[in-house]
Amino acid sequence: MIFAHARRTAGPAGAGEGTRAGEGARVDGLVDGFGRRFHYLRLSVTEVCNFRCTYCLPDGFRKTAPLTFLTPLECERVVRAFAGLGVSKVRVTGGEPSVRRDLPEIIARAASVPGIRKVCITTNGWNLGRQVAGWRDAGLTNLNVSIDSLDREGFRRITGHDRLPAVVAGLDRALELGLPVVKVNGVLLRDTAEAGFEAFADFVRARPVAVRFIELMRTGDNADFFADQHVPGARLTDWLTARGWTPRARAFDDGPAIEMVHPDHAGRIGLIAPYAPGFCDGCNRLRITARGQLRLCLFGELGVGLKDLLEADEPEALRARILRALAGKPAGHRLHEADSGDTRQLAQFGG
Ligand code: SAM
Ligand code: SF4
């Protein structure tokens with residue numbers, strides 16, 4: 001039978017993870033029909049982006065509908081609903097989240113929700129040096145910066161912007177500020193593979209950051225690019241293994257990355273391999289789009305609208321709708337069958 005529920009156990013108010021004062025019960029987590037638990041919410045705050053990454057928005061962002069995205073208060077309401085169901089980690093994403101002027105307020109509101117332990121962001125880092133202190137002060141705990149190439153010209157070719165030095169300076173500023181977790185995301189591309197592995201291994205020799213390569217995913221819009229540029233993740237792990245890197249133990253709320261360490265390097269290098277067997281078995285995240293839809297799978301079809309309940313501030317109805325929707329979460333994506341659902345590019349839903 002397909003079911004979805006928030007598992008509750010009796011316990012003193014304020015006693016457990018996800019417990020809010022006065023609730024009198026401990027929420028152990030959202031669980032779907034396949035026994036997967038969800039404690040991680042990806043919250044997209046905009047579809048707009050100022051970069052033109054070759055695999056995502058090669059022609060740049062095009063407005064096709066009014067830019068009516070969740071307000072900071074609606075973001076807080078949705079985070080509150082999920083935190084009440086056991087979610088403890090929120091990642092703010094987009095489009096490019098930092099194009100929103102009210103981003104510090106969104107971070108602060110998410111961080112203020114009882115039960116939320118980590119407020120993370122994924123950003124292209126275009127203005128990181130100027131913005132990151134404000135995000136830290138607002139309550140940001142984890143920063144992921146997307147850098148696909150450490151070669152200045154390669155970075156410009158991929159993103160459409162000659163901003164590599166500024167992005168790296170912003171990352172170093174974040175390290176100086178002592179943000180608890182700083183990571184780099186890079187998409188694994190045929191054109192940049194081995195030279196990129198070498199450059200990133202050098203990059204993390206002294207920097208205590210985790211670099212995670214994401215295997216290129218096929219979306220509705222990038223079929224030709226995918227056919228040309230997709231390489232299996234084993235190309236990275238084989239390269240690392242041959243040079244003495246070894247796998248590292250995982251924390252309970254880690255994403256799907258397998259990270260590797262080396263005694264001569266302060267940082268780590270990892271792989272997110274969505275095409276690997278069993279990838280979806282460990283799915284631990286749900287997604288909210290910038291328009292207030294709950295997406296059960298990155299490569300699914302449609303979403304469940306929550307915007308009306310967020311506008312009206314109806315927490316009980318919101319919670320009930322989320323639980324009902326979770327019953328429909330599929331076992332896995334169908335990327336292997338070249339089926340990306342209705343996902344044209346990842347800027348649409350935040351990756
Ligand atoms: N604009 C922000 C950024 O680039 O970090 C946040 C949104 S972006 C959609 C989130 C992540 O998805 C980025 O790390 C990006 O590199 C990755 N991404 C986008 N399209 C992808 C694809 N087709 N395959 C793999 N990763 C992709
Ligand atoms: Fe923009 Fe991020 Fe997509 Fe690049 S990957 S185009 S930065 S949304």
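This one's a predicted model, so the numbers in the text were calculated from it and none came from an experiment. Order of appearance sets the numbers: ligands from 1, and atoms from 1 within every ligand.
Of all the atoms in ligand 1, the ones that sit under 4.0 Å from a non-hydrogen atom of Asn222 are 23 (N). Applying the 4.0 Å criterion to heavy atoms of Asn185 picks out, from ligand 1, the atoms 14 (O). Numbered from 1 in the order shown, with element, the atoms of ligand 1 that lie under 4.0 Å from a heavy atom of Asn124 read 2 (C), 3 (C), 5 (O). Each of the atoms 1 (N), 2 (C) of ligand 1 lies under 4.0 Å from some heavy atom of Glu96. Annotation for ligand 2: atoms under 4.0 Å from non-hydrogen atoms of Ala347 are 8 (S). Atoms of ligand 2 lying under 4.0 Å from any heavy atom of Phe51, numbered from 1 in the order shown and given with element: 6 (S), 7 (S). Close approach of ligand 1 to Gly95 (heavy-atom distance below 4.0 Å) involves ligand atoms 1 (N), 2 (C), 6 (C), 7 (C). Distances below 4.0 Å separate heavy atoms of Glu215 from the following atoms of ligand 1: 25 (C). The contact set between ligand 2 and Asn124, taken as ligand atoms under 4.0 Å from a residue heavy atom, comprises 7 (S).
We find that Asp32 and Arg37 are not joined by a salt bridge, their nearest charged nitrogen and carboxylate oxygen being 4.0 Å or further apart. Between Arg77 and Asp313 there is a salt bridge, with a side-chain nitrogen of the basic residue lying less than 4.0 Å from a carboxylate oxygen of the acidic one. A salt bridge is absent between Arg218 and Asp224; no separation between the charged side-chain nitrogens and carboxylate oxygens falls under 4.0 Å.
Residue, atom and distance of the protein heavy atom nearest to atom 14 (O) of ligand 1 are Ser146 OG, 2.8 Å. Atom 6 (S) of ligand 2 has its closest protein heavy atom at Cys53 N, 3.5 Å. Atom 17 (C) of ligand 1 has as its closest protein heavy atom Ile214 CD1, 4.2 Å. For atom 16 (O) of ligand 1, the nearest non-hydrogen atom of the protein is Tyr55 OH, 3.1 Å. The single protein non-hydrogen atom nearest to atom 2 (Fe) of ligand 2 is Cys49 SG, 4.4 Å, given as residue, atom name and distance. Atom 26 (N) of ligand 1 has its closest protein heavy atom at Val187 CG2, 3.7 Å. Protein heavy atom at the shortest distance from atom 24 (N) of ligand 1 is Met217 N, 2.9 Å. Protein heavy atom nearest atom 11 (C) of ligand 1, with residue, atom name and distance: Thr122 CG2, 4.4 Å. Nearest to atom 12 (O) of ligand 1 among the protein's heavy atoms is Leu346 CD1, 4.3 Å.
Under the 3.5 Å distance criterion, with hydrogens and angles disregarded, a donor-acceptor pair is assigned to the side chains of Gln229 and Asp191. Between the side chains of Thr123 and Glu96, at least one donor-acceptor pair of N or O atoms lies under 3.5 Å. In summary, the side chains of Asn50 and Asn124 do present a donor paired with an acceptor at a separation below 3.5 Å, with no hydrogens or angles considered. Side-chain atoms of Thr122 and Arg91 form a donor-acceptor pair, as typed in the model, at a separation below 3.5 Å.
By the 4.0 Å heavy-atom criterion, Pro274 is excluded from the residues contacting ligand 1.
The main-chain N or O of Met217 is found under 3.5 Å from a side-chain atom of Asn222 such that the two form a donor-acceptor pair. In this structure, Asn185 contributes its side chain and Val145 its backbone to no donor-acceptor pair below 3.5 Å. A donor-acceptor pair is defined here as one N or O able to donate and one able to accept, closer than 3.5 Å; no such pair exists between the side chain of Arg42 and the backbone of Val92. Checking side-chain atoms of His265 against main-chain N and O of Ala201 turns up a donor-acceptor pair under 3.5 Å.
The shortest N or O to N or O distance between Asp148 and ligand 1 is not under 3.5 Å. Residue Thr93 has no N or O atom closer than 3.5 Å to an N or O atom of ligand 1. Ligand 1 has no nitrogen or oxygen under 3.5 angstrom from a nitrogen or oxygen of Gly94.
At a heavy-atom distance under 4.0 Å, no atom of Val145 approaches ligand 1.
Between atom 3 (Fe) of ligand 2 and Cys56 there is an N/O/S contact shorter than 2.8 Å.
Nearest heavy-atom pair across Lys183 and Leu171 is O-CD1, 4.4 Å.
A cation-pi contact, defined as under 6.0 Å to the ring centre and within 45° of the axis, is absent between Arg235 and Trp239.
Summarising the geometry, atom CZ belonging to Phe213 is positioned 11.5 Å from atom CD1 belonging to Ile272; distances are rounded to the nearest 0.5 Å.
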